[in-house]
Chemist: 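My questions all concern the structure below.
Hydrogens, waters and symmetry mates play no part in the numbers below; they use all other heavy atoms, side chains included.
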Amino acid sequence: MVGLEWYLGVSAMLFVIGVLGVLIRKNAIVVFMCVELMLSAVNISLVAFSSFMGDVHGMILVFFVLCVAAAEACVGLAIVIAIYRNNITADISKINLLRW
Amino acid sequence: METFFFVFIATFAIGTALAMVFSRNTVNSALFLILHMLSISGFYLSLNAQFLAVIQILVYAGAIMVLFLFVIMVLNMDEDETIFSQVDFKQIFAFLLAIVVFAQLIYIGGEFTGTLPDVSTQEMMAVGTVEAIGDELFTTFLLPFEATAILLTAAVVGAMLLAQQNINVEDEN
Amino acid sequence: MELVSDFLQYLPASIVAAGGLTVMMLDGYKARSRTIYTTTMMFLGVALAFATYDLFYAEDQIIFSGMAGAGGTAAFGTFIVVFGTFFTVILTHDYLVGVKHNFPQVYPMIMFCTFGMIVLATATDLVTVFVGLETMSICLYALAGILKDKRLGVESALKYFIMGAFSTGFFLYGISLLYGATGSTSLEVIGAYTDGGLIYWGGVSLLLVAFMFKISAVPFHMWTPDVYTGSPTTITAYMSTAGKTASFVALVLVLDRALPNVSSELTTMFSVIAVMTMVLGNVVAMVQDNVKRMLAYSSIAHVGYLLVGLAAGTVAGYSAVLFYLLAYTFMNVGAFGVVAYYEKNHDVHFNSVESYAGLGYQKPIMGVLLSIFLFSLAGIPISAGFNAKYLVFSAGIEAGLVGLVIVGVLASAASAYYYLRVMVYLYFREGKENVTLMTPKKVYSFSLVFLAVLTLYFGVVPAGVTELIFGFFSEGGIVEALP
Amino acid sequence: METLLNLTIYLPLLGLIGILAARSEDAVKWIALAATSVTFAVSLPLIFNFDVASSDTAQFVTESGSLVFGLDIKYIVGLDGLSLLLFMLTTFFGPIVVLGAWTSVKKHVAGFYSMLMILQTGSLGVFASLDLVVFYVFFELTLIPMYFLIGIWGGSGRIAATIKFFLYTLVGSLIMLVALVYVGYHAGAAINNGVFISDWRVLSGMEYQIGLVEQTWLFLAFALAFFIKVPLFPFHTWLPYAHTEAPTAGSVVLAAIMLKMGTYGLIRFCLPLFPNAMLEFAPYIAFLAVIGIVYGALVAMVQKDVKKLVAYSSVSHLGFVVLGLFALNVIGVQGAIIQMINHGLSTGALFLIVGMIYDRRHSRQIEDFGGITTIMPVFAVMFMLAAFSSIGLPGLNGFVGEFLILMGAFTSESIGNIWFAIVATTGVILAAIYMLWMFQRVMFGPVTKEENKNLKDLNAREIGLLIPVMIFIIWIGVRPTHFTQYSEHQVTVLLEQADEKRIAVIESAQNDIHNLPNWASKFYDITPSLAEATTPKTDQDER
């Protein structure tokens, strides 16, 4: 029997990989994908908790997270398209028009 | 058997995730993410969440990732990108942060003390079914559910607002 | 039947959502932009009426099987959000027409966004908090990019989106850990949990970090100035008032309901963040030449003052935060409204403080209004801003945080410098070039005047509304002790 | 009467509405004049109906319910011996200031008079309010119109001057706000069932005492705000700039009324709330005051600009007021109160006169003038009277105030060193030197400049606005008791109460000496009380 800790460990690892990706990658689309990675990592731990506690609420939250992820992808990709329309690259390290 | 399955899936998931983050080609990244999503639904299956496993494949692999790939192709973004060409402060910081967060999370996960209720396998099986989820979703979680409907509509309108070209703007006054 | 009564309790949100859908469909049938605007205002007006009614008469109760609340703080949050939206839509329409970006999709987006904010402000369950927060954020990402043919506009949208999505990850992880520790997502159940444990604390800290992102407290503020500068001015007003209000009300609710046992232990954390936020916000605002950017940093500074109230962690502190949000909505919508008016007369990036030289004498009413709003933001009596700061700081002193309050007071004195600087240009310097301002629309100036009147009114007689707010938190308690 | 008091405070605001509605510039001026004159007229019954015998209790009191839920902040206004004269001075200067600016203000006339009206209401509110928070609100409110008055209608360096003025005063008063809120909660915990209270009548009473440690910090916070406003010596740097750059009306209001808010605050709040700290800090503050007196006079002596000279003379004169206050005896405090009025009258008049000559000549440099007496005889008489009053010539008002203050300082126990008073006396001599020297250079001698030959003498408006000031300058000089009588009783009671309170606080500190930090027991010279000191002794005796 695989214990809860295993799932949490995997989830944490995936989450950190996602965070790392957001911080080091420069391409906006890859950054979005890393965010999706973070979300799905959280989903694993939610489902694991839910399943081991015999409580359905966690799974329902996962359902909402899926919806939100879809919506975020939708708007995010639209933003990337708008960026390209202005002939700007999707390299977020070059987006530096605004500085303090 | 179960343990073997878990280890296999976990290795696969982490491997694809790493490959996604570190692959230079954007298209490859997207493809690795699809594989990753498939492995995640494997986790769901091993946790008896059949409904979510199906949804995961349908929504993520089927819809979201296709959208991603589509945009990548349309915008012709599949050029290679150097990741570690120059090591700057931000990247070092990112690694340090990642290590700290990871250590913290592992620690938290490991410390999980047995406050779990005793749940029989039977009950665990019952939780993830479509009936159980649907039942709660349309009663207790009615408000968030409706809000999600609005959220998805809003996302579509927002995408239109941002990406649609040549919207007719009436001049008033 | 319970469902029907639940929806009746949730009328403002339902009306706003229905309005959003209606307006969206009107757009689909190629209605004139005038019609779309009028319909939006109609729905918002009705929603505002119901929100006002709820504010005074709704009873504090839990609806939708524990997912949301009605009455009390929920009604208060709803009111501020709908109120802020009502006025920003008036300003936005005029502004967007002026800068020729009056897309019909903007109005349904604002309505959906408002719906998200209401859900967020009324949530009593972390699931609802999450969904509301995301509805709000996703709409705001899109709204930030309205000026999509300007580099500044899309970049601000992208920056906002990446930062927002990133913080969403942490937020979810926090929820997940809290859920794992307590076995529920309901704020009440989490509040009853007292065992502590690492999972619980990890969840709490991740949740709070994500909230700090959303309310743009230092050191999680880096997206704010850029996004506020790049977005259309009136949308910036909307984000910084209605959006911030919703996040803050949700944060107060989370602290009050879900973390009542630990909120006092968070005092040190909030104090440190508050000091950093106040100092950084004010210091950086001082060197800004762009008025919009200055207001963005000043809004960071105001978050710092609000955090003083949270650091106090008492009934007085939370009530002061709510009053502050109300006052901040009046004055900040007003200030951004006037800035948008000046900007609209020139081009989109007409925002440097030098270009304000001598503008105070043309259309004196606008100059006077901007002065009132800025004085209120600086916390000079007799304005709502003064009373708000007074309540927050006095809550801090009552809780024994004298050092923190002194830092806050000095920061607030420093803030007077950059607010006064705008007025120096408005009145004390001669304009170099001949700028002619066009006459603002009647409804535009009327709504600004109305906001100014409210700013002054709550500066003189805050008694009624403070009584209302104190009632949200305390059953018995302080009310009985009063003379 | 209560209604009349409120009416007096808010009538200028009514005038403000009229000004905003007015169409022509003339109408604006007449409305402003009418509003301020009516304010003055309405305020007259207040002084006639004032009960001198019970001047220590506030009269004509209006008290509202709680303004902020959960805090006992009330709108309380009323007049007592401390505030009556300053209140009347403010209403008295209203029409004079309006008339003084009649022709000299040319741009944004409506704005100018609106600012004056707000300033008038704010100043009246400061002197009438008996609640700490309401006082603070009015105190801050006066900043805004003054900020605009200097910034818009001021001279060439107006922007730096006005920002400096605003920020200096704001920093001080914000720190005072923190202390004020602390006092409110402290008092609430002590005497008001834990509910915040800021009613001056309650706080100044015997039942509310503050411990020594808190008193020190609170006193410093309050005093800082008031010292900046006064301004006392090291905090005075904003004043010359603000005075020089301000338009005539602004300088007059600043000198005659706003500077008094500082000294007024010291006597109204610091004395009854922090008597111990007041006593112990008195020598140090007297030292600063004396430095201010001499420094102000010396710097005034070398000024080339008449207005700057008057501004620095203000620093010197207000040093006298602070010295009198911290003498902490009846005669000194009485002198300080009457000197506040005197300084208002004489410096106000001087600024008006400088403004009049500036309007004609567009210069304030001493070297640009000379021999004006022959050209403008009426002007010369007025100028002479004001200058003599400022010097403190016997028979004029300045003498009365300075004499009482020096008397108080010589006999003061709190200052404790007669040298302060002696050095302060040189301030009077120096004042005579710089004033008379300036007067001589401006008014006497041959007319050297061509432009000065065609100067017109004062017109009826200018004479009319100076005459009332001159009347009071002479009246106070000849019959000072007509004016000192209003505050005499209250000052006596206040000082007695402060003494009682001081002793009570020291006694409770003696009984609780173990909780007192070392510095505090040293600074306040607390020795263990008799009972505690003797207990171990008796133990030994028994053995």
Chemist: At a heavy-atom separation under 4.5 Å, does B:L162 approach chain C through its side chain, its backbone, both, or neither?
Modeler: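 Contact with chain C is through both the backbone and side chain of B:L162.
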Chemist: What class does the angle between the rings of C:Y200 and C:Y193 fall in, given that below 30° is parallel, 30 to 60° is tilted and above 60° is perpendicular?
Modeler: tilted
Chemist: Quick one: sort the C:Y444 and C:Y341 rings into parallel, tilted or perpendicular, breaks at 30° and 60°.
Modeler: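 It falls in the tilted class, 30° to 60°.
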Chemist: Holding to side chain to side chain contact (heavy atoms under 4.5 Å, CB included), I want the full list of residues that pass it with B:M37, two or more places apart in sequence or in another chain.
Modeler: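 Once residues adjacent in sequence are excluded, the partners of B:M37 under the side chain to side chain contact (heavy atoms under 4.5 Å, CB included) criterion are A:E36, A:S40, B:L33, B:Q56, B:Y60.
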Chemist: Side chain from CB out, backbone as N, CA, C, O: work out which of these in C:F115 comes under 4.5 Å of a heavy atom of chain B, or both, or neither.
Modeler: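 Only the side chain of C:F115 comes within 4.5 Å of chain B.
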Chemist: Quick one: what part of C:Y10 sits under 4.5 Å from any heavy atom of chain B, side chain, backbone, both or neither?
Modeler: side chain
Chemist: Chain B heavy atoms under 4.5 Å from C:L21: which part of the residue, side chain, backbone, both or neither?
Modeler: side chain
Chemist: Kindly assign one of parallel, tilted or perpendicular to the pair B:F8 and B:F12, based on the angle between their ring planes and the thresholds 30° and 60°.
Modeler: parallel
